[in-house]
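Heavy-atom basis, side chains included; hydrogens, waters and symmetry copies ignored. Order of appearance sets the numbers: ligands from 1, and atoms from 1 within every ligand.
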Amino acid sequence: MKNNKEPNILFSSQQIHDRLVVMVNEIEKDYRDKDLVVVAVLKGSVLFLADLVRGFSRPLAFDFIGVSSYGNSRTSLGVINLSKQISIDIRDKDVLVVDDILDSGRTLGWVKEHLCKFGPRSVKICVLLKKEVERVIEVEADYVGFTLADVFVYGYGLDYRDRYRHLPYIAKLGDDEVPPGETVDE
Ligand code: 5GP
Ligand code: MG
């Protein structure tokens with residue numbers, strides 16, 4: 001393991017914010033006549049959600065769902081566990097699920113199926129990042145901030161071993177690297 005002196009930034013804070021302006025415009029247009037409820041997936045979506053909803057000019061509601069997939073620090077095993085149920089009624093509402101990243105599709109596939117049980121009028125998916133990988137579960141994102149190759153990223157909501165979610169940018173990490181500031185025992 002080696003630790004970089006500088007983060008390997010893939011998307012800067014400015015790039016993210018510029019992209020969000022365009023995404024909000026598109027989403028607002030599509031939901032013009034709809035009763036929008038944003039359901040954000042904890043915890044990775046929190047920074048994205050906060051910046052995204054601030055761009056909306058029309059009323060909306062938001063809520064959270066908590067799911068975790070057990071695994072090690074970089075890969076998920078695919079067993080989904082519901083840690084927080086939604087707390088508002090989404091029956092007949094137009095739901096937009098917001099998450100940090102679409103990878104294998106297990107999380108968002110599970111969340112979409114779960115939310116459909118509450119009888120929403122529609123359910124669409126909005127992710128900041130989409131990995132160009134083969135999905136284990138077939139699920140499409142309707143709104144995507146950026147696409148990226150199959151690399152591990154952290155920052156702007158995404159964690160490395162539960163830390164670094166607060167960073168205003170998204171950085172990538174090689175297989176043998178840890179983030180700057182992380183201690184390496186050799
Ligand atoms: P999926 O269920 O689509 O495989 O993965 C979705 C979840 O895995 C994401 O919500 C995120 O928590 C985690 N994940 C997938 N790829 C990455 C990554 O590159 N970095 C981090 N920090 N988490 C990731
Ligand atoms: Mg997540």
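- Contact analysis leaves G44 out of contact with ligand 1, as no non-hydrogen atom separation drops below 4.0 angstrom.
- Applying the 4.0 Å criterion to heavy atoms of G105 picks out, from ligand 1, the atoms 1 (P), 3 (O), 4 (O).
- Under the 30°/60° scheme for interplanar angles, the aromatic rings of H114 and W110 are found to lie parallel.
- Within a 6.0 Å radius of CD in Q85, more than 12 heavy atoms belonging to other residues, nucleotides or ligands are found.
- Here is the list of ligand 1 atoms found below 4.0 Å of a heavy atom in R106: 2 (O), 3 (O).
- D63 places a side-chain N or O within donor-acceptor distance of the main-chain N or O of I88, the cut-off being under 3.5 Å.
- Between E177 and K172, no side-chain nitrogen of the basic residue sits less than 4.0 Å from a carboxylate oxygen of the acidic one, so the salt-bridge criterion is not met.
- Within ligand 1, the atoms closer than 4.0 Å to a non-hydrogen atom of V151 are 19 (O), numbered from 1 in the order shown.
- Using a 4.0 Å cut-off to heavy atoms of T107, the atoms of ligand 1 that qualify are 1 (P), 2 (O), 5 (O), 6 (C), 7 (C).
- Within ligand 1, counting atoms from 1 as listed, the ones closer than 4.0 Å to a heavy atom of K131 are 16 (N), 17 (C), 18 (C), 19 (O).
- Ring orientation note: the planes of H17 and Y156 are nearly perpendicular, at an angle over 60° on the 30°/60° scale.
- Using a 4.0 Å cut-off between charged side-chain N and carboxylate O, D92 and R121 make no salt bridge.
- Residue contacts with ligand 1 do not include R135, since none of its heavy atoms lies under 4.0 Å from the ligand.
- Taking a 4.0 Å cut-off on heavy atoms, I137 fails to register as neighbouring ligand 1.
- Using a distance-only test at 3.5 Å, with no hydrogens or angles considered, no donor-acceptor pair links the side chain of R32 to the main chain of E28.
- Nearest residue to atom 24 (C) of ligand 1 from I101, I80, V139 is I101 (criterion: closest heavy atom).
- Ligand 1 has at least one atom lying under 4.0 Å from a heavy atom of F152.
- Residue-level proximity to ligand 1 for D100 is carried by the side chain, the only part with a heavy atom below 4.0 angstrom.
- Judged as a salt bridge (charged side-chain N to carboxylate O under 4.0 Å, His left out), and not counting sequence neighbours, R19 has no contacts.
- Ligand 1 lies nowhere less than 4.0 angstrom from a heavy atom belonging to L108.
- For ligand 1, the atoms lying closer than 4.0 Å to a non-hydrogen atom of S104 are 1 (P), 2 (O), 3 (O), 4 (O).
- Judged purely by atom type and a 3.5 angstrom limit, D142 has no side-chain atom pairing as donor or acceptor with the backbone of K124.
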